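This report refers to the structure that appears directly beneath it.
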Amino acid sequence: MRYVIIGNSIAACGCIEGIRKVDYENEIIVISNEPYHVYSRPLISYWLSKKISDDKIYYRPQNYYEKYKVKPVLGIKVERVDFERKNIYLENGEELSYDKLLIATGGKPFIPNIQGLDKKNVFTFIKFDDVKGIDKVLYDGMRAIVIGGGLSGLKAAEALTKRGCKVTVVELADRILGSILDNEGAKLVQEELENHGIEFILKNSVIEIIGDDKVEKVKLQSLEEIPADLVVFSIGVVPNLDIFKDTQLKINRGILVNERMETNIQGVYAAGDVVSAFDIILGENRVIPILPNAYMQGEIAGLNMAGEKAKYDGTFPINSIGFFDIHMMTGGLVNPIDGCEILKRLEEKKKIYRKIYIKEGKILGFMFINSFDRTGMIVDLMRNKVDVSNFKDRLLSDNFGFLDLSKETRKEKIWRS
């Protein structure tokens with residue numbers, strides 16, 4: 001039996017550790033086009049800002065591959081997979097066969113097709129090599145344009161600001177963090193970032209990068225031109241599926257999998273940001289690019305690949321992130337749907353914001369800024385679809401707790417524990 005994993009991030013770790021819970025003898029091969037030991041992509045902004053050193057960016061200790069009897073094939077790209085012959089073809093001409101395969105290729109940055117992408121000092125912001133490249137050209141007072149006001153874009157803006165750059169964020173939407181915050185929440189975060197010198201241009205986009213050899217300025221959709229020494233694209237991430245197009249693999253926005261994380265091809269599994277899996281809030285399959293989910297999916301895939309029967313019950317998006325002195329945690333829906341009841345508490349001076357969406361007694365989503373007390377309980381109530389009707393008025397309180405739950409819910413939780 002030979003297990004092969006394409007990809008070397010947290011979903012791969014989950015798979016390796018899932019397999020080794022059942023099978024400690026058969027061969028595991030991990031293939032990645034990056035040359036690095038398994039590292040944390042969410043930590044690249046902290047590396048760029050010099051908050052962490054090289055050794056702190058890795059998920060697992062340096063003896064990880066040896067400990068789990070893994071053969072890493074790093075710095076080599078997979079060209080294609082022949083699912084019928086169970087063969088993997090590498091860019092160096094080598095071929096590898098597999099018995100069970102995990103696809104964990106993650107995401108790739110979305111880059112619009114505009115003029116000037118070939119200029120020097122134009123970067124994306126998703127891999128370790130991206131920030132290493134940025135680090136080499138940085139200097140104090142550098143004028144940086146970050147394209148994209150989502151989670152990754154703002155972490156890039158924060159890191160560049162801490163490195164002494166003058167940063168401008170360009171965002172097409174009418175607010176930053178539109179996927180996880182409403183207007184009021186976005187305003188609080190934007191004000192905090194502006195207090196640290198970051199400027200924002202909303203409802204606009206970059207249509208051209210101008211310069212002879214390297215970046216000198218950018219042209220906006222509004223036709224305004226802004227001086228720039230560095231451009232960072234962080235508009236968003238899409239599933240990295242290029243090598244699987246025109247194959248028999250079923251793909252929607254991501255690779256479709258069942259509750260065992262198996263694709264439509266027997267013996268082929270998928271996990272992480274490349275997967276379209278079940279969202280328990282929406283009741284449908286979609287890509288949920290969050291780190292704990294990737295590990296969970298990888299572990300379940302690994303257990304099933306090794307012969308166990310493990311089931312992925314689904315999850316929902318949860319994000320926990322901070323910028324400078326403001327921190328937030330959000331989960332589930334962040335925009336109301338028909339029939340939603342909205343609970344809200346806003347303390348602008350303290351920059352505290354708590355908001356919860358409820359429908360038919362069930363919590364569908366929450367948005368907490370600078371106030372995280374009892375967040376774990378909120379997540380648990382969502383995951384277990386508990387009816388909160390009888391105690392909903394307490395949900396926004398800082399001291400909401402176990403005794404606020406109904407007697408039936410308390411009994412059930414005690415029984416489950």
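Bear in mind the structure is a predicted one, so any value in this text is a computation, not a measurement.
- For the pair Lys355 (side chain) and Lys344 (backbone), a donor-acceptor distance under 3.5 Å is absent.
- The aromatic rings of His37 and Tyr58 stand perpendicular to each other, their planes meeting at an angle above 60°, with 30° marking the opposite boundary.
- Between Glu17 and Arg60 there is a salt bridge, since at least one side-chain N of the basic residue sits less than 4.0 Å from a carboxylate O of the acidic one.
- The backbone N or O of Lys250 lies less than 3.5 Å from a partner atom in the side chain of Asn264, making a donor-acceptor pair.
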**Request:** Kindly indicate, with the supporting measurements, whether the criterion side chain to side chain donor-acceptor pair (under 3.5 Å) is fulfilled by Tyr3 and Glu27.
**Result:** CA-CA 6 Å; Tyr3 306 99; Glu27 185 179 22; over 6 Å; no
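- In Glu66, the CD atom is crowded: over 12 heavy atoms of neighbouring residues, nucleotides or ligands sit closer than 6.0 Å.
- Heavy-atom neighbours of Gln248 CD from other residues, nucleotides or ligands within 6.0 Å: above the threshold of 12.
- A donor-acceptor pair is defined here as one N or O able to donate and one able to accept, closer than 3.5 Å; such a pair exists between the side chain of Arg345 and the backbone of Leu396.
- Under the 3.5 Å distance criterion, with hydrogens and angles disregarded, a donor-acceptor pair is assigned to the side chains of Tyr46 and Lys155.
- Between Arg163 and Asp135 there is a salt bridge, since at least one side-chain N of the basic residue sits less than 4.0 Å from a carboxylate O of the acidic one.
- The cationic group of Arg20 lies under 6.0 Å from the six-membered ring centre of Tyr24 and within 45° of the ring axis, placing it in a cation-pi geometry.
- No donor-acceptor distance shorter than 3.5 angstrom exists from the side chain of Ser276 to the backbone of Gly254, with no hydrogens or angles considered.
- Other residues, nucleotides and ligands contribute over 12 non-hydrogen atoms within 6.0 Å of the CD atom of Glu284.
- Within 6.0 Å of the NZ atom in Lys362, the count of heavy atoms belonging to other residues, nucleotides or ligands exceeds 12.
- Residues Phe323 and His196 keep their aromatic ring centres 6.0 Å or farther apart.
- Lys351 NZ: more than 12 foreign heavy atoms inside a 6.0 Å radius.
- In Glu347, the CD atom is crowded: over 12 heavy atoms of neighbouring residues, nucleotides or ligands sit closer than 6.0 Å.
- Ion pairing of Lys203 with Asp174 is absent here, as no side-chain N (NZ or NE/NH1/NH2) approaches a carboxylate O to less than 4.0 Å.
- Remark: Lys132 qualifies as a cation-pi partner of Phe128 under the 6.0 Å distance and 45° angle criteria applied to the six-membered ring.
- The pair Lys21-Glu299 counts as a salt bridge, with a side-chain nitrogen and a carboxylate oxygen less than 4.0 angstrom apart.
- Other residues, nucleotides and ligands place more than 12 heavy atoms under 6.0 Å from the NZ atom of Lys50.
- The residues Asp182 and Arg175 are annotated as not salt-bridged, no charged nitrogen and carboxylate oxygen being separated by less than 4.0 angstrom.
- Side chain of Asp82 to main chain of Asn87: no donor-acceptor pair is present (N/O by atom type, distance under 3.5 Å, no hydrogens or angles).
- Salt bridge Glu194/Lys187: absent, no basic N to carboxylate O contact under 4.0 Å.
- In the displayed structure, Asn183 atom CG is contacted under 6.0 Å by more than 12 heavy atoms of other residues, nucleotides or ligands.
- Between Arg2 and Asp99 there is no salt bridge, since no side-chain N of the basic residue sits under 4.0 Å from a carboxylate O of the acidic one.
- If you look at Phe125 and Phe123, their ring centroids are not closer than 6.0 Å.
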